[in-house]
Structures are given as C-alpha cells and as structure tokens.
Amino acid sequence: MSEKRNTSNQHNKKRRKKKSNPKKVLLGCLIAIFAVGIIIFAVDNMIGSMFNTGEKIPENIKTAEEVKDDVVNILICGLDYEQGRSGYMADVIVYVTMDVKGKTIKALQIPRDTYVGEPSVTGKINGVYQAGKEKDSILNVITTLNERFGLSVDHYVTLDMEAFIKIVDGIDYGLPMYVPYPVKTKDKNGKEHTVIAEPGTYNIGGETAEAIVRNRNYSGSDMQRLEVQGYFYAAVIKYFKELGISDTLKILPRYTPYITTDMHWSRMASIAATAMNIKYEDMALIKPGVRGVIVRDQNLLEIPQDEWLQIINDNFRPHQKPVEKLNIDPIKGEITKDYGQTPISVTNIGELLSKSE
C-alpha cells in the first residue's frame, strides 16, 4: 500500500510541476504582442515615409457617408513646371470614380485650358493649383472641382512629370504603346524635333513618354493631347495589371519620391487590388466636349454646361443625388476666334489596347 501511495504522490508532484503560472503566461503574451506591435509600427512608418504626405481633404468634400463603401473618387494630377512659370501647374487632370459596388472605373479627362474663372489668373483650371487660397495647392483644385462641378473627392495623388519618365524607364524593353498621331516638339529656340514620325505601336522609353504626355503641338491642340494621353494611360494600366499587385508594391519605392498623396499606403494597396480585378472593358475614359475660343490671345475651352452636367450625373455620381447646376463663370473678354465645339468621346481601356495589339 505504502509503495502505491508513494508512486501516486510522485505522479501528483509531476503534475504539479507541469502546471504553468497564469501570471507568467499572461506576461509572455503581452511581451509577444508588444514586440509584434513594434514591428508593425516600424514597417508602417518605413513604408509610409516613402511617400510625400499631403494635407487631408475636408470631410464635406468627400463622398456621402451612406455610400462611401460603394464608391471612391480620386483626383490624379500631373504637375508641370516650365521655365518662365512662377510655380507648378496641374497640366494633367484626371478625375476617377471607382464604383466598387458596380465593379466599374470611369475617368474624366479635364483639359488644362478649361475655363473656370477665379481663382486662376488666366481663368484656366490648370492655373488654379498655384492661385488659390489653400496652403496645400492641390486642395485648390479639389475645392474648385467640388464648388464648380459638384464633384466629391475622397483622395488625391499628384505626380511630378519626372514620375512619367521614371515609371516608363523602369519597364524592361520599354512600354508598348499605340501612338495615334505624329509627335513633334519644339525647343526654346522654336526648332522642331520629330519624336514619333507616324502613327503606330512603339516600345517607348521615359523621355519619349514625357514628350507624348506634355506635347502641345498636336494639330487638334488640347483635345488630341488628351486622346494621346488616353493611349498612354491604357498602356500603363495594362503593364501594372499584368504585373500584379504584389510585384507592383515591390517596385513602388522607385516612384514614391515623385508622388504626393493623402492616402495611407494600405488604403492605396486596397484600392489598387480592387482596380486590378476590374475588366478593361469596364474601365471607361471620357473626354468631354468643349468649345475652343481665343480671348486676349489666349486659348480657352468653354464648357457646354448641359452636356457636362449630364456627363457628371450619369458617370461620376453613382449611388448619389444628381448635381442640379454647374457653377461656372462665363468667359470674360471679347472672343476673337471661335473654333467651334468638339464632340464628347467615350472609350474604354480595352478598345484602346486593341489598337496597340
């Protein structure tokens, strides 16, 4: 009996030895959680510091609370600086609506010479960037789009034009792109240089991409410029879509010095992942109709308000109340030349890519 009792006691002691201290377990868990938290914080800061962080957008300009999970509106601006200018101008303006619920993307190309009046000195929308009252210049453009066109803006991305060069130069063998018109540029002495001699598909490098995007010598002026830019956007979208979200994030640090945004990197990744699952045929590019005129030796583009109002309500305010009226100033001064009105153009990325192929 005593021998059995001793054996039983030994087992009980072993069991007691195996019992863990709850306080020590809790402490260990807390230390592990704290360590993981530090790692996440460090990684978050490291990735976040790659981007130039801009001012936050006022809440009253953003998409209505009740539909914010169904749609996201993003303003993308390419900033251009040239000798003789006092600062940057938003010479590429694209307003993008991603309908998460409907699985579509629609992009409105806004011509840089579009007349909006104040606060731009020239009256053109590209001059609003540096002429408004906001400390962060992009908010001047955002406020103008909201007040004049009734467009909500949830996020913005601005790119220095240098980014176009870097993006394309980072692509092996160049970016395959269809160029619908010859591209000729002029240097500061007025001498003409041929960049693209005839329409066709080319593997373009960074400097050629910059010339294509910035060129002001197309025969159809701003509207042909927008058309050519559309083919460039299509080529870039295809490249990154085929590359995939994980590989895109790996090479993103190459371009971040030239990008400013209000978005957290995780938000950008989420939006990009959603966009990559949308078909090319469901990505629409809209070039609005405008009336070209010359006032005081300036090329201006006047907005046909009824047409623009319909474009905005039909395409860029899904799940939201329609805008009833645009708030656009009439052009001031004598019109010395009238080029007439260009028609609206709606195409999708799939159609643009088919020409490239």
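Clustering of Ile, Leu, Val, Met, Phe, Trp and Tyr by side-chain heavy atoms under 4.5 Å joins V67 with V71. With side-chain heavy atoms closer than 4.5 Å counting as contact, directly or through intermediates, the hydrophobic cluster containing V293 also holds Y115, V295, L300, I331, I335.
In terms of hydrophobic clustering, with Ile, Leu, Val, Met, Phe, Trp and Tyr side chains grouped at heavy-atom distances under 4.5 Å, V236 and I165 are assigned to different clusters. Linking Ile, Leu, Val, Met, Phe, Trp and Tyr whenever their side-chain heavy atoms come within less than 4.5 Å puts L326 and I286 in one cluster. The hydrophobic cluster containing Y239 also contains V213, counting ILVMFWY residues as joined when their side-chain heavy atoms lie under 4.5 angstrom apart, directly or transitively.
Between M177 and I212, some side-chain heavy-atom pair lies under the 4.5 Å cut-off. Using a 4.5 Å heavy-atom threshold, the side chains of L108 and P288 count as touching. V228 places none of its side-chain heavy atoms less than 4.5 Å from the side chain of R225. By the 4.5 Å heavy-atom criterion applied to side chains, V116 and F149 are counted as neighbours. Side chains of Y202 and V183 form no contact here, defined as non-hydrogen atoms less than 4.5 Å apart. Annotation: side chain of I294 is in contact with side chain of N299 (closest heavy-atom distance under 4.5 Å). Side-chain contact between T97 and N315 is absent, with no heavy atoms from C-beta onward closer than 4.5 Å. Put simply, the side chain of P182 does not reach to within 4.5 Å of the side chain of I196, judged on heavy atoms.
Residues Y181 and E227 have side chains that bring a donor and an acceptor to within less than 3.5 angstrom of each other.
With sequence neighbours left out, D154 forms a side chain to side chain contact (heavy atoms under 4.5 Å, CB included) with K62, T63, V72, N73.
Looking at every heavy atom in both residues, P304 comes nearest to Q341 through CG-NE2, 3.5 Å. In terms of heavy atoms, T185 sits closest to A211 at CG2-CB, 4.2 Å. When every heavy atom of C77 is checked against every heavy atom of A90, the shortest pair comes out as SG-CB, 4.3 Å. In plain terms, the two heavy atoms of Y129 and L79 that are nearest each other are OH-CD1, 3.3 Å. Of all the heavy atoms in G205 and V168, the pair that sits closest is C-CG1, 3.4 Å. Pairing each heavy atom of D99 with each of D70, the nearest pair is OD1-O, 3.3 Å.
The structure places CG of N327 at 8.5 Å from CD of Q305, a figure rounded to the nearest 0.5 Å. Atoms CD and CD1, from Q310 and I312 in turn, are 11.0 Å apart once rounded to the nearest 0.5 Å. Separation of atoms CD1 (I259) and OG1 (T261) is listed at 8.5 Å; rounding is to 0.5 Å. Residue I328 holds its CD1 atom at 8.0 Å from CH2 of W308, rounded to the nearest 0.5 Å. Taking CD1 of I237 as the reference point, atom CG of L285 lies at 7.5 Å (rounded to 0.5 Å). Here the NZ-CG distance, from K238 to L243, works out to 13.0 Å after rounding to the nearest 0.5 Å.
Among pairs with a residue in residues 326-337, those fulfilling salt bridge (Lys or Arg N to Asp or Glu O under 4.0 Å) read R148-D329, at least two apart in sequence or across chains. For residues 276-293, the pairs satisfying side chain to side chain donor-acceptor pair (under 3.5 Å) are R291-E302, R291-D338, with sequence neighbours left out.
For E324, the CD atom is loosely surrounded, since the number of other residues' heavy atoms within 6.0 Å does not exceed 12. Other residues, nucleotides and ligands contribute at most 12 non-hydrogen atoms within 6.0 Å of the CD atom of E207.
Of the possible donor and acceptor atoms, none in the side chain of N348 sits under 3.5 Å from a partner among the backbone N and O of A284. A side-chain donor-acceptor contact under 3.5 Å links D262 to the backbone of Y156. At least one donor-acceptor pair closer than 3.5 Å links the side chain of Y95 to the backbone N or O of S152. K124 places no side-chain N or O within donor-acceptor distance of the main-chain N or O of P111, the cut-off being under 3.5 Å. Remark: the backbone N or O of T158 is not paired with any side-chain donor or acceptor of T260 at under 3.5 angstrom. Judged by distance alone, the side chain of K103 and the main-chain N or O of I278 form no donor-acceptor pair under 3.5 Å. Side-chain atoms of S354 come within 3.5 Å of backbone N or O of E351 as a donor-acceptor pair.
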request  = Quick one: do L175 and I204 satisfy side chain to side chain contact (heavy atoms under 4.5 Å, CB included)? Show the steps, please.
outcome  = CA-CA 5 Å; L175 177 70; I204 63 171; 4.0 Å; yes

task = Kindly indicate, with the supporting measurements, whether the criterion side chain to side chain contact (heavy atoms under 4.5 Å, CB included) is fulfilled by I311 and F316.
result = CA-CA 8 Å; I311 290 171; F316 299 98; 4.0 Å; yes

query = So V92 and F232, side chain to side chain contact (heavy atoms under 4.5 Å, CB included) or not? Walk me through it.
reply = CA-CA 12 Å; V92 175; F232 175 75; over 6 Å; no

request  = Apply side chain to side chain contact (heavy atoms under 4.5 Å, CB included) to V100 and D69, showing your working.
outcome  = CA-CA 8 Å; V100 180; D69 293 330; over 6 Å; no

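Evaluated for a side-chain contact (heavy atoms from CB on, under 4.5 Å) with L301, the options V290, I110, I125, T342 yield exactly one hit, V290.
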Quick one: side chains of residues 267-275, donor-acceptor pairs under 3.5 Å with protein atoms, not counting sequence neighbours, listed by atom name and distance.
unit_1: R267; atom_1: NE; unit_2: H155; atom_2: NE2; d: 3.2
unit_1: T274; atom_1: OG1; unit_2: S270; atom_2: O; d: 3.0

